**Student:** 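My questions will all concern the structure given below.
Just so you know, these numbers come straight off a predicted model, no measurement behind them.
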Amino acid sequence: MKLVVTEKNIAAQKIADLLSVGKPKADKVYNTPVYRFQVDGDEWVTIGLRGHILEPDFMPSIVYKKSSGWQGVTAEGEVVPAHIPDFLPKPPFKTKRKPFKEDGVEMGAWKMDALPYLAYAPIEKKPKEKDIIRSLKNLAKKSDEIIIATDFDREGELIGSDALSCMKEVNDTAPVFRARYSAITKDEIQHAFSHLVELDNDLAQAGESRQDIDLIWGAVLTRYLTIVKFAGYGNVRSSGRVQTPTLALIVARERERMAFVPEDYWVIKARFGKEPEDFEATHATARFKAEAQANAVMGHVEGASKGVISSIEKRKRTVAAPVPFNTTSLMAAAASEGLSPARTMRIAESLYMDGYISYPRVDNTVYPESLDLEGTVRKLSDVAVYRPYCQELLSKGALVATRGKKETTDHPPIHPTAAADPDKLGAPEWKLYNLIARRVLATLSESAVVEGTKVTIDVASEPFVTRGDVLVKPGFRAIYPYGLKKDEQLPSLEEGQSVDFQGATCTKKQTEPPARYSQGKLIQEMEKLGLGTKATRHAIIERLYTVKYVQNDPIEPSQLGIAVCDALGKFAPQITSPDMTATLEEDMNKIAAGEKSRKDVVDLSRDILHDVLDELLPHQEEVKDALADAVAADAYVGPCPKCGKDLQLRASSKTRSMFIGCAGWPDCDVTYPLPKGKVEALEEKCPTCGMPQIKVTAFRSKPRTLCIDPNCPTNQEPDVVVGKCPTCAEKGLDKKLIASKNPRTLKRFIRCENYEECETSYPLPQYGELTATEETCEHCGAPMVIVKTARGPWKLCPNFNCPGKEKEAEEKEAKAAQKKVAAKSTAKKAPAKKTAKKPSPKKEKE
């Protein structure tokens, strides 16, 4: 049996479909889906992982013995050598309080004294997906050959390597090969499995070094920040090797904006000609720094009724076609179209898995000679909106593509691999696919030519200038309109011509500070500085949002983000500088190239981190004070009505759920509940009761403004009788079911007035106007109600355990399955060809 291991279940399913002669048989090994099929009489099985099935973690403790030195103790109690520097104290310690033990140090203790040891603590790989590992081993025992078919990059090579280590525990004799592909298409997959290579251990080691380094830095810095200032709002203070210098970029730009001193200037604009061909022109002195100079000009032109065209200059300029997309340029372009980098990569991964685009995590911006560009254009011609342009491209002969500055050999630039139907893709998926498809066609197109016209008009010896741009040769712009400005056509004018002067206006303005980073611009800046990788940059930005260090887009740092960055930058500046991170990134590249060892690079990062801790540990109080003010500022909601201190957004230490509490606790016990969703404090007070207001954005819902006081009339809802209690009716009782809102929890529910005895209660949606229908559910007898939201009214049975809900779910699944089958049948445009016998995979060394 040949076992094929992929990164995800969907990849296992699609590869089985593409390699199989007939339809693969879906099966399960324990709870893990697998796909069985035959090739040339051989049994094949594909199994999908769930990304990383092993994860690195620190060993629970380290112990010291004079005879054997420092050792790490694994979760199973196994003892392994540990390399703890001699300058760190050894047992016996003066105290036995955590993290110290009689013979060592506990690594799991969030204590400041543990951090120097944590920087050097040994790391072990722990099972993350136990069910999948069990299934993998079961299949590996029966396998004659193992083929790793995970994504071809550092991450994919590491995932495959970890899976292989699990399989070798039960079968270390089966030959192992690697299938590398850049798209999940029939031709690409069959080529990959006919040209198998060896697993790249250096690439896997580079991936593992990143895992180790990020774990060590993230754990040590996050614990440090959390320990120095543990508070209810947000609690854990996150930091990391790449995250922190990225935050520093955002904060530095904000500092520039805060330090910016605006300067006044004056702009004079005038209108010329007659409608509908009138036009606007600006004084040749674009900005007057002195108001007196501007007033002098206004005085000169006052009373004038005509202007004379003193000169007309026309100049053509060529706009080169764009270069192919790599990951960074795709994210930047998509961000301009309203897709965040993180969302872009999620959509791109989905399009890749569905066979629509090539592998989306690439640095390459040069199409390899092996890529059939003509074939790609022919595929795109199957999409109606591209067909005329594709036919025009193909009619011109040989296709010549633009070339970017980065050329690598792992994957080609991102390009479509199949024609897509906008009616079958979701709106975001089509938006991204359309961007990628048009970009590829643009890279094969001619440059665009723009003709610029500059007209100078003399009014009372004062020069006014207007400009117009016209696209005279569309070139690539005919298919790639992104970022294209509209034509600014000027009326027909001649030198010496007299034109009507309609008057001028003088406007006072101020210079503006440098713009904040958009997510797209930040991605590009991170690439330029060597922060993160093509596969991680979007996740780093998303993490900064998650931990509330930044907000909005363009990106604005929160008070907490500024405080964290300033504190770390003051006492350990190398953390916030991109230089150290970029150096480690380069070292990891050298691991992938076989020029450095993983151990050397990880050990170097540990030493750098130790130097950072040496600078941070003596300044705990200063860092604590810096964070305390920021935490309070970001958590502030308004004044407490009881004691006057600050009301703050806080998190329960037990449930981690959010609520509003007084900073004067425990002396003041004022608290307010919060509804589910993202919560932001607002400056405006409630117009009804004067209490603070919050903006709540529930999942997939529009933001709502609420008063924090549950007793405010704006939060009150009248009780609604929705029907009779079916439980009581069975006992011969006539009891009402009443819809109410709990003022303490803000939750809505339907409850029987005889609830203490019958215990009949149903939950209700949190928002929406409620109306009784006098109808009962045919399946369970519960009252049917109508909930009216912004999306419209919808009728529902509130009983979560209603048998009808299960039936409804089954019907939905059946309809989805029918739709999928129908889509597949319509996708087959040509009759099936007779299946030819596939050649046996040919194994080669890379």
Side-chain angles (χ1 to χ4, degrees), residues 239 242-269 282-295 297 331-332 335-336 338 340-341 465 483 485 505-531 537 540-541 544-545 547-579 581-582 622-623 625-636 680-684:
S239 183
V242 182
Q243 176 186 311
T244 304
T246 302
L247 174 63
L249 289 175
I250 300 166
V251 171
R253 178 59 57 88
E254 196 68 17
R255 291 284 187 213
E256 287 181 53
R257 290 174 58 83
M258 292 164 68
F260 181 81
V261 178
E263 295 180 359
D264 294 337
Y265 68 92
W266 289 260
V267 174
I268 297 178
K269 290 187 177 182
T282 304
H283 194 276
T285 302
R287 294 183 177 186
F288 291 92
K289 294 186 177 180
E291 186 177 12
Q293 293 175 338
N295 288 338
V297 171
M331 287 191 285
S336 299
S340 71
V465 175
K485 294 180 180 178
T505 57
C506 181
T507 306
K508 180 181 178 181
K509 295 187 176 183
Q510 286 190 322
T511 54
E512 295 183 353
R516 294 185 174 106
Y517 286 109
S518 66
Q519 292 194 40
K521 290 290 185 186
L522 183 58
I523 286 275
Q524 292 174 311
E525 188 68 14
M526 290 171 72
E527 181 184 48
K528 179 181 171 183
L529 296 173
L531 293 174
R537 292 182 185 114
I540 291 161
I541 295 175
L544 290 173
Y545 280 101
V547 296
K548 296 181 171 34
Y549 286 172
V550 301
Q551 57 204 10
N552 305 327
D553 188 17
I555 306 172
E556 179 183 355
S558 65
Q559 291 298 315
L560 179 59
I562 293 173
V564 167
C565 191
D566 287 352
L568 294 177
K570 180 178 180 180
F571 302 115
Q574 63 266 55
I575 299 179
T576 56
S577 166
D579 297 341
T581 293
E622 293 100 315
V623 174
D625 292 342
L627 296 185
D629 292 340
V631 168
D634 277 346
Y636 179 77
E680 299 172 66
L682 298 176
E683 291 184 8
E684 300 82 11

**Student:** How long is the gap from CD1 on Ile562 to CD on Glu254, to the nearest 0.5 Å?
**Tutor:** 5.5 Å
**Student:** Using a 4.5 Å cut-off on heavy atoms from C-beta on, say whether the side chain of Thr576 contacts that of Val251.
**Tutor:** no
**Student:** So, do Thr511 and Phe260 sit near enough that their side-chain heavy atoms are less than 4.5 Å apart?
**Tutor:** yes
**Student:** Going by side-chain contact (heavy atoms from CB on, under 4.5 Å), Phe288 matches just one of Asn295, Val297, Val267. Which one?
**Tutor:** Val297
**Student:** Does any N or O in the side chain of Thr246 come within less than 3.5 Å of the main-chain N or O of Val242, such that one atom is a donor and the other an acceptor?
**Tutor:** yes
**Student:** Report the C-alpha distance between Asn552 and Arg516 in whole Å, list the side-chain angles of each, state the deciding distance to 0.1 Å, and finish with yes or no for side-chain contact (heavy atoms from CB on, under 4.5 Å).
**Tutor:** CA-CA 10 Å; Asn552 305 327; Arg516 294 185 174 106; over 6 Å; no
**Student:** Taking atom CD of Gln510 as the centre, does the number of heavy atoms from other residues, nucleotides or ligands within less than 6.0 Å exceed 12?
**Tutor:** yes
**Student:** Between Asp264 and Lys508, is any pair of side-chain heavy atoms under 4.5 Å apart?
**Tutor:** yes
**Student:** If you draw a 6.0 Å radius around CD in Glu684, do more than 12 non-hydrogen atoms from other residues or ligands fall strictly inside?
**Tutor:** yes
**Student:** Could you check whether any side-chain heavy atom of Val465 comes within less than 4.5 Å of a side-chain heavy atom of Thr282, counting everything from C-beta outward?
**Tutor:** no
**Student:** For Tyr545 and Gln519, run side-chain contact (heavy atoms from CB on, under 4.5 Å): C-alpha distance rounded to whole Å, both residues' side-chain angles, the deciding distance at 0.1 Å, then the answer.
**Tutor:** CA-CA 11 Å; Tyr545 280 101; Gln519 292 194 40; 3.5 Å; yes
**Student:** Looking at every heavy atom in both Ala515 and Arg257, which two are closest together, and how far apart are they?
**Tutor:** CA-NH1, 4.0 Å
**Student:** Out of curiosity, Leu522 CG to Arg253 CZ, how far, rounded to the nearest 0.5 Å?
**Tutor:** 9.5 Å
**Student:** State whether the side chain of Ser518 and the backbone N or O of Lys521 hold a donor-acceptor pair below 3.5 Å, judged by distance alone.
**Tutor:** yes
**Student:** Go through the steps for Ile540 and Leu531 under the test side-chain contact (heavy atoms from CB on, under 4.5 Å), then give the verdict.
**Tutor:** CA-CA 10 Å; Ile540 291 161; Leu531 293 174; over 6 Å; no
**Student:** Side chains of Pro341 and Arg537: does their closest heavy-atom pair fall under 4.5 Å?
**Tutor:** no
**Student:** Hey, does the side chain of Thr581 reach the backbone of Pro578 with a donor-acceptor pair shorter than 3.5 angstrom?
**Tutor:** no
**Student:** Grab the two heavy atoms, one from Trp266 and one from Cys506, that are nearest each other, plus how far apart they are.
**Tutor:** CD1-SG, 3.9 Å
**Student:** Show your reasoning for whether side-chain contact (heavy atoms from CB on, under 4.5 Å) applies to Leu544 and Ile250.
**Tutor:** CA-CA 10 Å; Leu544 290 173; Ile250 300 166; 4.0 Å; yes
**Student:** So, for Ile268 and Ala294, which heavy atoms are closest and what is the spacing to 0.1 Å?
**Tutor:** CD1-O, 3.5 Å
**Student:** About how many Å separate CE of Met331 and OG of Ser340, when rounded to the nearest 0.5 Å?
**Tutor:** 10.5 Å
**Student:** Would you call Ser239 and Leu568 a side-chain contact if the rule is heavy atoms closer than 4.5 Å?
**Tutor:** yes
**Student:** Taking Ser558 for the side chain and Tyr549 for the main chain, is one N or O donor matched with an acceptor at less than 3.5 Å?
**Tutor:** yes
